[in-house]
Amino acid sequence: MSGVVLLILRVGLLLSLYAFLGYALLIIWRDLKRHSDLYLSHQTPAIRLLHQADTEMRTYRFTIADIRIGRDPAADCPLDDLTVSSDHARLSFRQGQWWVEDRGSKNGTFLNQELVSQPLVIASGDQLRFGQVILTVEIGEEEP
């Protein structure tokens with residue numbers, strides 16, 4: 001074979017190799033972008049708990065997927081009321097929805113006046129009662 005033919009074969013092989021690497025990187029980039037879009041679409045939506053305490057309105061805002069509610073000052077949502085247990089209830093975001101569950105509290109957890117005996121789905125506008133404390137739920141980024 002002549003030197004020119006060998007050179008053409010080498011250059012053709014080199015170009016094929018670069019084309020293959022470029023195509024592989026393009027596929028990897030598209031896959032990473034698709035996964036990042038899926039991840040962003042599954043982020044926990046903000047939840048706000050509104051509490052009318054005497055003359056003032058208190059707002060608790062959370063963007064975490066697991067919220068502990070109780071009288072314990074270390075709770076994510078501490079409620080200073082003697083009818084609230086130290087580890088009263090838990091709000092969690094899973095399966096694309098917010099859920100409430102009682103943690104064995106003495107005075108019970110109520111969702112819209114119904115006793116919570118198993119995890120239940122909550123929605124915007126629902127009222128949660130922990131002992132004698134009533135909180136209104138707002139889900140999403142809307143500000144009053």
I'd like to check T136 versus L49 (side-chain heavy atoms, cut-off strictly below 4.5 Å). Are they in contact?
no

Would you compute the distance between atom CG of L25 and atom CZ of R30 and round it to the nearest 0.5 angstrom?
12.5 Å

For residues 67-77, please give each side-chain donor-acceptor pair under 3.5 Å, one per line with the distance, not counting sequence neighbours.
unit_1 : atom_1 : unit_2 : atom_2 : d
R68    : NH2    : A74    : O      : 3.0
R71    : NH1    : V84    : O      : 2.5
D72    : OD1    : A74    : N      : 3.1
D76    : OD2    : R68    : N      : 2.9

Once you round to the nearest 0.5 Å, how far does CD of E138 lie from OG of S124?
6.5 Å

According to a 4.5 Å side-chain heavy-atom criterion applied to Ile, Leu, Val, Met, Phe, Trp and Tyr, with indirect links allowed, do W99 and F93 form part of one hydrophobic cluster?
no

Are I139 and L50 linked, directly or through intermediate hydrophobic residues, by side-chain heavy-atom contacts shorter than 4.5 Å (ILVMFWY only)?
no

Would you check if the side chain of D31 reaches a backbone N or O of R34 as a donor-acceptor pair within less than 3.5 Å?
no

So, the side chain of R129 versus the backbone of G131: is there a donor-acceptor pair under 3.5 Å, distance only?
yes

Is it the case that one hydrophobic cluster holds both F110 and L79, taking links as side-chain heavy atoms less than 4.5 Å apart, direct or via other members?
no

Kindly compute the distance separating CD (E101) from OG (S117), expressed to the nearest 0.5 Å.
11.5 Å

Same hydrophobic cluster for V137 and I64, using side-chain heavy-atom links shorter than 4.5 Å among ILVMFWY?
yes

Is there a donor-acceptor contact under 3.5 Å linking the side chains of D81 and T83?
yes

Path from F130 to I134 over hydrophobic side-chain contacts below 4.5 Å
no

Minimum heavy-atom separation for S92 to R94, with atom names?
OG-NH1, 2.6 Å

Evaluate the side chain to side chain contact (heavy atoms under 4.5 Å, CB included) criterion for residues T109 and L115: first the C-alpha distance (whole Å), next the side-chain angles of each, then the deciding distance (0.1 Å), finally the verdict.
CA-CA 6 Å; T109 300; L115 182 64; 5.9 Å; no

Worked check of side chain to side chain contact (heavy atoms under 4.5 Å, CB included) between I122 and L111:
CA-CA 8 Å; I122 58 176; L111 172 61; 3.7 Å; yes

Just list the side-chain donor-acceptor pairs under 3.5 Å for residues 3-21, sequence neighbours left out, or say none.
unit_1 : atom_1 : unit_2 : atom_2 : d
S16    : OG     : G12    : O      : 2.9

Measure the spacing between CZ of R58 and CG of L135 and express it to the nearest 0.5 Å.
10.5 Å

So do H51 and Y60 actually touch side chain to side chain, heavy atoms under 4.5 Å?
yes

